[in-house]
A.B. asks: 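Below: one structure in structure tokens.
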Amino acid sequence: MDRDMRLRRLWETIQDIPPGSVANYGQIAEIAGIPRGARMTAYALRVAPQELELPWHRVIQASGKSAFYCNSRHFKMQRDRLADEGVPMINGRVDMKQYRWEPALDELLWKPSDAWDDQ
DNA sequence: CCATTGACCGGCT
DNA sequence: TAGCCGGCCAATG
């Protein structure tokens with residue numbers, strides 16, 4: 001499993017996050033078949049081609065906070081887009097108990113089978 | 001090679 | 001709750 005494969009899996013997983021939900025970096029990596037790959041998810045987002053139009057605003061830290069500084073343009077865009085989808089940020093954080101993405105079993109099963117190799 | 005960096009995480013004060 | 005800290009791991013210098 002090379003770098004391009006990992007990036008494709010991560011991008012694909014991010015595309016799967018439905019509106020109205022959020023996912024954290026480690027969760028995305030795990031679903032993509034990359035345990036302990038939270039920082040890889042961050043890298044994948046940073047280098048993602050613009051034309052993929054990933055729903056990057058649905059990716060936040062496990063704590064429920066945005067990864068961006070609260071005065072940055074990115075942060076405000078993320079907060080606004082989440083609000084549009086019905087996901088409120090109270091005091092700069094999303095309630096993960098309520099809004100964390102819980103992929104259904106069938107959503108996981110159509111992933112490439114070797115996503116489960118290292119288990 | 002070795003060091004630093006980063007859209008991270010979990011445990012522990 | 002808020003930091004601090006060590007661990008993590010590919011990329012970058």
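The basis for the numbers below is simple: all heavy atoms, side chains too, and nothing from hydrogens, waters or symmetry mates. Throughout, a chain's letter reflects where its sequence line sits, starting with A, and its residues are numbered from 1.
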A.B. asks: If you check the A:M40 side chain, which of B:dA7, B:dC8, C:dA10 turns out closest?
C.D. replies: C:dA10

A.B. asks: Look at A:N24 and B:dC9 and indicate whether a side-chain polar atom (N or O) is within less than 4.0 Å of OP1 or OP2.
C.D. replies: yes

A.B. asks: If I pick the C1' atom on C:dC8 and the same atom on B:dG6, what distance separates them, to the nearest angstrom?
C.D. replies: 11 Å

A.B. asks: From CD of A:E30 over to C1' of C:dC8, roughly how many Å is that when rounded to an integer?
C.D. replies: 14 Å

A.B. asks: Side-chain N or O of A:Y25 less than 4.0 angstrom from OP1 or OP2 on B:dG6?
C.D. replies: no

A.B. asks: Please tell me if the side chains of A:S66 and A:R79 come closer than 4.5 Å, counting only heavy atoms from C-beta onward.
C.D. replies: no

A.B. asks: Compare the minimum distances between each of C:dA10, B:dC8, C:dA2 and the side chain of A:R93, then state the nucleotide with the smallest one.
C.D. replies: C:dA2

A.B. asks: Have a look at A:F68 and say if it touches a base, only the backbone sugar-phosphate, or nothing, with a 4.0 Å heavy-atom cut-off.
C.D. replies: base

A.B. asks: Counting only side-chain heavy atoms from C-beta out, which of C:dA2, C:dA10, B:dG6 sits nearest to A:R39?
C.D. replies: B:dG6

A.B. asks: Check each of A:D16, A:I14, A:I34 against A:I28 using the side chain to side chain contact (heavy atoms under 4.5 Å, CB included) test, and report the only one that passes.
C.D. replies: A:I14

A.B. asks: Looking at the side chain of A:A67, which of C:dA2, B:dC8, C:dA11 is the nearest nucleotide?
C.D. replies: B:dC8

A.B. asks: When the distance from OH of A:Y69 to P of B:dG6 is rounded to whole Å, what number comes out?
C.D. replies: 9 Å

A.B. asks: Given that A:G37 and A:R46 both sit by DNA chain C, which one's nearest nucleotide is further toward the 5' end?
C.D. replies: A:G37

A.B. asks: Out of C:dC9, C:dA11, B:dC8, which has the shortest distance to the side chain of A:R36?
C.D. replies: C:dC9

A.B. asks: Just do the side-chain contact (heavy atoms from CB on, under 4.5 Å) check on A:M89 and A:V94 with the steps written out, would you?
C.D. replies: CA-CA 5 Å; A:M89 281 189 63; A:V94 170; 3.5 Å; yes

